Each structure stands twice: as C-alpha cells, then as structure tokens.
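Beneath this line is the structure, given in structure tokens, with notes to follow.
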Amino acid sequence: LQQVGNFTAAGQALEVVAQKDPALYDSGATQLLQGVVNFKLQRNEAALQNFERAGSAADDERARASSRVFSSGVLLSE
C-alpha cells in the first residue's frame, strides 16, 4: 500500500488475497493482519474472530500468545 494507516485500503487488499489465495488468507499471519485492520475500522467482533483464527492456525506458542494479546486489547478497548 502506498499510504501507511489507510486501513480501508488494507481491508480491500486483504479481500483480494481472500479471493485469489484462500490458503494464504487463512494463514495465521494474514488473519492477525485482518484482525488489526478490523479493529482499526472498529469492527471488534470481526477482529476477535480473526485473532481466534490466527491463534488456531499458529504453529508455535509465541504466535498463539500474540493472538491472545491482540484479543485482550480489543476486549479492553470496549
């Protein structure tokens, strides 16, 4: 993306990823990124779902812990 912080454009780019490469979209890293985008767009329920998927897709404890930290941030913001 050309502009840092343009979360609407980031969300659109992730929609393209979902269509073109579903396996990549379902990866933990992409789900974590989608969760951040949804959180920044104030879509907290969707963000929590993304962070849960990211944790489930994670293959190590650090990645699962990161997902839990992001989820906690969403819950604390409400």
Side-chain angles (χ1 to χ4, degrees):
L1 298 175
Q2 292 181 349
Q3 182 179 352
V4 174
N6 186 339
F7 294 101
T8 301
Q12 292 168 344
L14 287 166
E15 287 176 18
V16 171
V17 171
Q19 293 172 1
K20 301 260 182 192
D21 192 345
L24 176 60
Y25 183 75
D26 289 338
S27 73
T30 306
Q31 285 297 306
L32 197 64
L33 181 57
Q34 180 70 68
V36 170
V37 168
N38 280 328
F39 175 69
K40 292 302 241 175
L41 294 173
Q42 300 178 349
R43 299 176 187 153
N44 291 354
E45 288 300 318
L48 288 170
Q49 291 174 0
N50 293 121
F51 295 142
E52 183 177 325
R53 286 187 207 123
S56 296
D59 57 1
D60 65 34
E61 184 52 36
R62 279 193 214 170
R64 285 187 289 275
S66 295
S67 177
R68 289 191 300 270
V69 168
F70 279 102
S71 291
S72 297
V74 171
L75 294 171
L76 288 173
S77 74
E78 293 183 338

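Everything numeric in this text was worked out from a predicted model, so none of it was measured.
- Nearest heavy atom pair, residue A57 against residue S27, reads CB-C, 4.3 Å.
- Within a 6.0 Å sphere centred on CD of E61, other residues, nucleotides and ligands contribute more than 12 heavy atoms.
- When every heavy atom of R64 is checked against every heavy atom of D59, the shortest pair comes out as NH1-C, 3.9 Å.
- In this structure a side-chain-to-backbone donor-acceptor pair under 3.5 Å is present from Q31 to Y25.
- Taking every heavy atom of both residues into account, S67 and L32 meet most closely at CA-CD1, 4.2 Å.
- Taken to the nearest 0.5 Å, the CD atom of Q34 stands 7.5 Å off from the CD atom of E15.
- Considering every non-hydrogen atom in both A10 and V37, the closest pair reads CB-CG2, 3.8 Å.
- Checked by atom type and distance alone, the side chain of T30 never pairs as donor or acceptor with a backbone atom of D26 at under 3.5 Å.
- Here the closest heavy-atom approach between residue A58 and residue A63 is recorded as CB-CB, 3.5 Å.
- Smallest separation of non-hydrogen atoms from L48 and S71: CD2-O, 3.7 Å.
- Cluster membership for L75 and F51, using ILVMFWY side-chain heavy atoms within less than 4.5 angstrom, is shared.
- Hydrophobic cluster membership for V16: none, as no Ile, Leu, Val, Met, Phe, Trp or Tyr side chain comes under 4.5 Å of it.
- By the criterion of side-chain heavy atoms lying less than 4.5 angstrom apart, applied directly or through intervening Ile, Leu, Val, Met, Phe, Trp or Tyr residues, L76 is not grouped with F70; the two fall into different hydrophobic clusters.
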Intermediate values then yes/no, side chain to side chain contact (heavy atoms under 4.5 Å, CB included), F7 and N38: CA-CA 8 Å; F7 294 101; N38 280 328; over 6 Å; no
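- By the criterion of side-chain heavy atoms lying less than 4.5 angstrom apart, applied directly or through intervening Ile, Leu, Val, Met, Phe, Trp or Tyr residues, L33 is not grouped with V74; the two fall into different hydrophobic clusters.
- Cluster membership check: L41 shares its hydrophobic cluster with V17, using side-chain heavy-atom separations under 4.5 Å among Ile, Leu, Val, Met, Phe, Trp and Tyr.
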